[in-house]
There are 2 protein chains.
Amino acid sequence: MANSLQDVVRVALQVLDTHGLEFASMRRVAAALDVQPSALYHHVPNKQTLLALMADEILARGRRTDPNGPWDEQVSALCHEIRDAMLAVRDGAEVVATASAFGLGAGEPEQRLIRMLSDFEHDVAVTGARTIMLFVLGHASARQMHEQASATGAITYDPSIGSPESFDLGLGLVLSGLRAALPVRV
Amino acid sequence: MANSLQDVVRVALQVLDTHGLEFASMRRVAAALDVQPSALYHHVPNKQTLLALMADEILARGRRTDPNGPWDEQVSALCHEIRDAMLAVRDGAEVVATASAFGLGAGEPEQRLIRMLSDFEHDVAVTGARTIMLFVLGHASARQMHEQASATGAITYDPSIGSPESFDLGLGLVLSGLRAALPVRV
DNA sequence: ACCTGAACACCGTTCAAGT
DNA sequence: ACCTGAACACCGTTCAAGT
């Protein structure tokens, strides 16, 4: 039976999760779909686009409805949501990071962050959202890259490198910086 | 005449700067050295290692002696030094970012940052240095990736994306967060 | 609409052999 | 010590042709 774009993205994510980004080739995805490599180009114009769709799917799978409560708790919850979603797939953070350079994947979460920071001056909200996003993405990415590098034996594993504790500490630092920029309530 | 490892790294950086990371292949570096591809493996065990050496060289070229003055001015100066060094070479930030996952390249600057934060509790200094490093690296990386993506025509160019202004604002946010954690002087 | 089969222009890496 | 030449096992992408 014929495959849909959805099938392609889903199977591509499976290949990514089991083999890692390095071996997530178009040819492997095609093989996993029991199809010739050229068949993929009916669904997608190139690999870059497929990676972007995968990034969207990774983030979509973790999506929860925004909580209410103080802005900092909202932001913290969203950051954990994004982090968990990326860590749920092997090399997921790396895929989201590269896709976000094309304005895809990470753009939507950043908009949600900006909305949560609407009590701030607009410039501060925009800068804050981007800084938080860079931290969340970079932190998860560093963790997964270190995992992969140490699995290959290229380096000795350091459990502190992408730990939840260091994530909360770093995020706390940025949130604390934001609090200092909070305009006084009228 | 025979090439040294230094020559290889230097020419590899030239290839990177003129063609971009995507086309910085071992074969192209070999061609630029007027040598067979296999000859590179006399100097370097694999491409990953060559990239790590390139990352070190990128950062070394921007290295200045640490200034004295208040800690936040020292940190800010160092961050600009690292950023400028990475931006001086096409896709330089991306190369440093991937190399840093292997404990190379970005490790030394991070140690310098920790030293500048020695007035803080050790945990705070370590977290602060890493968070700052993630920001500087991620910010420069996002800028260069966006430049490359928009040059390919895949996306419309947005000059605000890796601007010096947004860099200073984001860095200021993190520094402000650190100030809140500063222990009171005795 | 979805796919096959064959081809093109590339990769990184290995290895025996040369000087 | 530094390099050649040939090979191996891969890539992403294109394109005519099939159903």
Side-chain angles (χ1 to χ4, degrees), chain A residues 1-16 18-55 90-91 94-95 98-99 101-102 104 145 148-149 151-154, chain B residues 1-16 18-55 90-91 94-95 98-99 101-102 104 145 148-149 151-154:
Chain A
M1 72 209 119
N3 294 297
S4 70
L5 176 56
Q6 271 236 50
D7 296 327
V8 173
V9 174
R10 199 193 62 243
V11 170
L13 277 177
Q14 267 165 223
V15 171
L16 176 69
T18 61
H19 297 280
L21 182 56
E22 194 189 350
F23 299 106
S25 64
M26 296 296 270
R27 295 176 113 100
R28 265 191 208 248
V29 174
L33 282 162
D34 235 323
V35 129
Q36 293 294 315
S38 52
L40 296 180
Y41 292 85
H42 178 79
H43 300 279
V44 122
N46 49 49
K47 189 182 181 180
Q48 201 68 252
T49 303
L50 179 53
L51 285 169
L53 293 172
M54 290 161 72
R90 166 128 80 131
D91 289 336
E94 191 67 15
V95 170
T98 65
F102 290 80
L104 292 149
M145 282 169 70
Q148 213 248 2
T152 319
Chain B
M1 72 209 122
N3 294 297
S4 69
L5 176 57
Q6 271 234 50
D7 297 327
V8 174
V9 174
R10 199 192 63 244
V11 169
L13 276 177
Q14 267 165 222
V15 172
L16 177 68
T18 62
H19 298 280
L21 182 56
E22 194 188 351
F23 300 105
S25 62
M26 297 295 269
R27 294 177 114 101
R28 266 192 208 249
V29 174
L33 282 162
D34 237 323
V35 129
Q36 294 294 316
S38 51
L40 296 180
Y41 292 85
H42 179 77
H43 300 279
V44 120
N46 50 48
K47 189 181 181 181
Q48 201 66 251
T49 302
L50 178 54
L51 285 169
L53 292 171
M54 291 161 72
R90 165 130 78 129
D91 291 336
E94 190 69 13
V95 171
T98 64
F102 290 79
L104 290 150
M145 282 169 71
Q148 212 247 3
T152 320

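Computed over heavy atoms, backbone and side chain alike; hydrogens, waters and symmetry mates excluded. Below, chains carry the letters A, B, ... as their sequence lines are ordered, and counting in each starts from 1.
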Peer 1: Can you check the B/Asp7 CG to D/dA1 P distance for me, whole Å?
Peer 2: 17 Å
Peer 1: What's the CG-C1' distance between B/Asp34 and D/dT4, to the nearest Å?
Peer 2: 13 Å
Peer 1: Calculate the interatomic distance between B/Arg27 atom CZ and D/dA6 atom C1'; express it in whole Å.
Peer 2: 11 Å
Peer 1: Taking the side chain as every heavy atom from C-beta outward, state whether A/Val44 and A/Val8 have any pair of such atoms under 4.5 Å apart.
Peer 2: no
Peer 1: Using whole Å, report how far NZ of A/Lys47 lies from C1' of D/dT13.
Peer 2: 12 Å
Peer 1: Select one nucleotide: of D/dT13, D/dT4, C/dC3, the one nearest the side-chain heavy atoms of A/Pro37.
Peer 2: D/dT13
Peer 1: Between C/dG12 atom C1' and B/Leu51 atom CG, what is the distance in whole Å?
Peer 2: 12 Å
Peer 1: Across all strands, who's sitting opposite D/dT14 as a Watson-Crick or G-U wobble pair, both distances under 3.5 Å?
Peer 2: C/dA6
Peer 1: Checking side-chain contact (heavy atoms from CB on, under 4.5 Å) between A/Met54 and each of A/Val29, A/Leu16, A/Val15, which is the one that passes?
Peer 2: A/Leu16
Peer 1: Is the backbone N or O of A/Leu21 less than 3.5 Å from a side-chain atom of A/Asp91, with the two atoms forming a donor-acceptor pair by type?
Peer 2: yes
Peer 1: Write down the distance between CD (B/Gln48) and P (C/dG12), rounded to a whole number of angstrom.
Peer 2: 12 Å
Peer 1: Would you mind reporting whether A/Leu33 and A/Leu40 have side-chain heavy atoms less than 4.5 Å apart?
Peer 2: yes
Peer 1: Within the structure, does a side-chain N or O atom of B/Gln36 lie under 4.0 Å from either OP1 or OP2 of D/dC3?
Peer 2: no
Peer 1: With both distances under 3.5 angstrom, what nucleotide forms a Watson-Crick or G-U wobble pair with D/dT19?
Peer 2: C/dA1
Peer 1: Listed in order of residue number, which residues of residues 38-46 of chain A have a non-hydrogen atom at under 4.0 Å from DNA chain D?
Peer 2: A/Ser38, A/Tyr41, A/Asn46
Peer 1: Got a second to check how far A/Gln36's CD is from A/His42's NE2, nearest 0.5 Å?
Peer 2: 15.5 Å
Peer 1: In whole angstroms, how far is the C1' atom of C/dC10 from the CE atom of B/Met26?
Peer 2: 16 Å
Peer 1: Say you pick atom C1' in C/dC8 and the same atom in D/dC11; how far apart are they, in whole Å?
Peer 2: 12 Å
Peer 1: Starting at CZ of A/Phe23 and ending at C1' of C/dT13, how long is that distance when rounded to a whole Å?
Peer 2: 13 Å
Peer 1: Using OP1 and OP2 only, check whether a side-chain N or O of A/Asn3 sits under 4.0 Å from C/dC3.
Peer 2: yes
Peer 1: In whole Å, measure the gap between the P atoms of C/dC2 and D/dA17 for me.
Peer 2: 22 Å
Peer 1: Which value, in whole Å, describes the distance between the C1' atoms of nucleotides D/dA16 and C/dC3?
Peer 2: 13 Å
Peer 1: Once rounded to the nearest 0.5 Å, what's the spacing between atom CG of A/Leu53 and atom CD of A/Gln6?
Peer 2: 10.5 Å
Peer 1: B/Thr18 side chain to B/Gln14 main-chain N or O, any donor-acceptor pair under 3.5 Å?
Peer 2: yes
